[in-house]
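Numbers for residues simply follow the sequence, beginning at 1.
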Amino acid sequence: MCRSIKTLRPPAMAEEATADDIRAAALQYVRKVSGFRAPAAHNQEVFDRAVEAIARATEELLDGLEIRGAASRRAEAPAPTT
């Protein structure tokens, strides 16, 4: 539980963070804050909800960040072809 949460935005990551990367960071955060690597059964639901909420917030954060000298994540998406 002592490993650090990795940075999920460029230039730390060459490519866009995946859903798995985001969930792993959220899980690591909840583990660190709660002090539980694996919660007891009576805490599992609240633990899982916290991981999902933090993953959603992380996705929103990454989507909204503007990195100087780089296009936003949304602007980098290829345009649909006809």
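Of the possible donor and acceptor atoms, none in the side chain of Asp63 sits under 3.5 Å from a partner among the backbone N and O of Glu60.
For Ala55 against Ala26, the heavy-atom pair with the smallest separation is N-CB, 3.7 Å. Shortest non-hydrogen contact noted between Leu8 and Ala25 is CD1-CB, 4.0 Å. Pairing each heavy atom of Pro39 with each of Asn43, the nearest pair is CB-CB, 3.9 Å. Here the shortest heavy-atom pairing between Arg37 and Phe47 reads O-CZ, 4.3 Å.
In this structure, the separation between OG1 on Thr58 and CZ on Arg23 is 12.0 Å, given to the nearest 0.5 Å. For the atom pair Glu45 CD and Arg49 CZ, the distance stands at 4.5 Å (nearest 0.5 Å).
When hydrophobic clusters are built by joining Ile, Leu, Val, Met, Phe, Trp and Tyr residues whose side-chain heavy atoms come closer than 4.5 Å, directly or via intermediates, Leu65 is grouped together with Ile22.
Look at Arg56 and Glu52 and you find no salt bridge, because none of the NZ, NE, NH1 or NH2 atoms lies under 4.0 Å from a carboxylate O.
Within 6.0 Å of OH on Tyr29 lie no more than 12 heavy atoms contributed by other residues, nucleotides or ligands.
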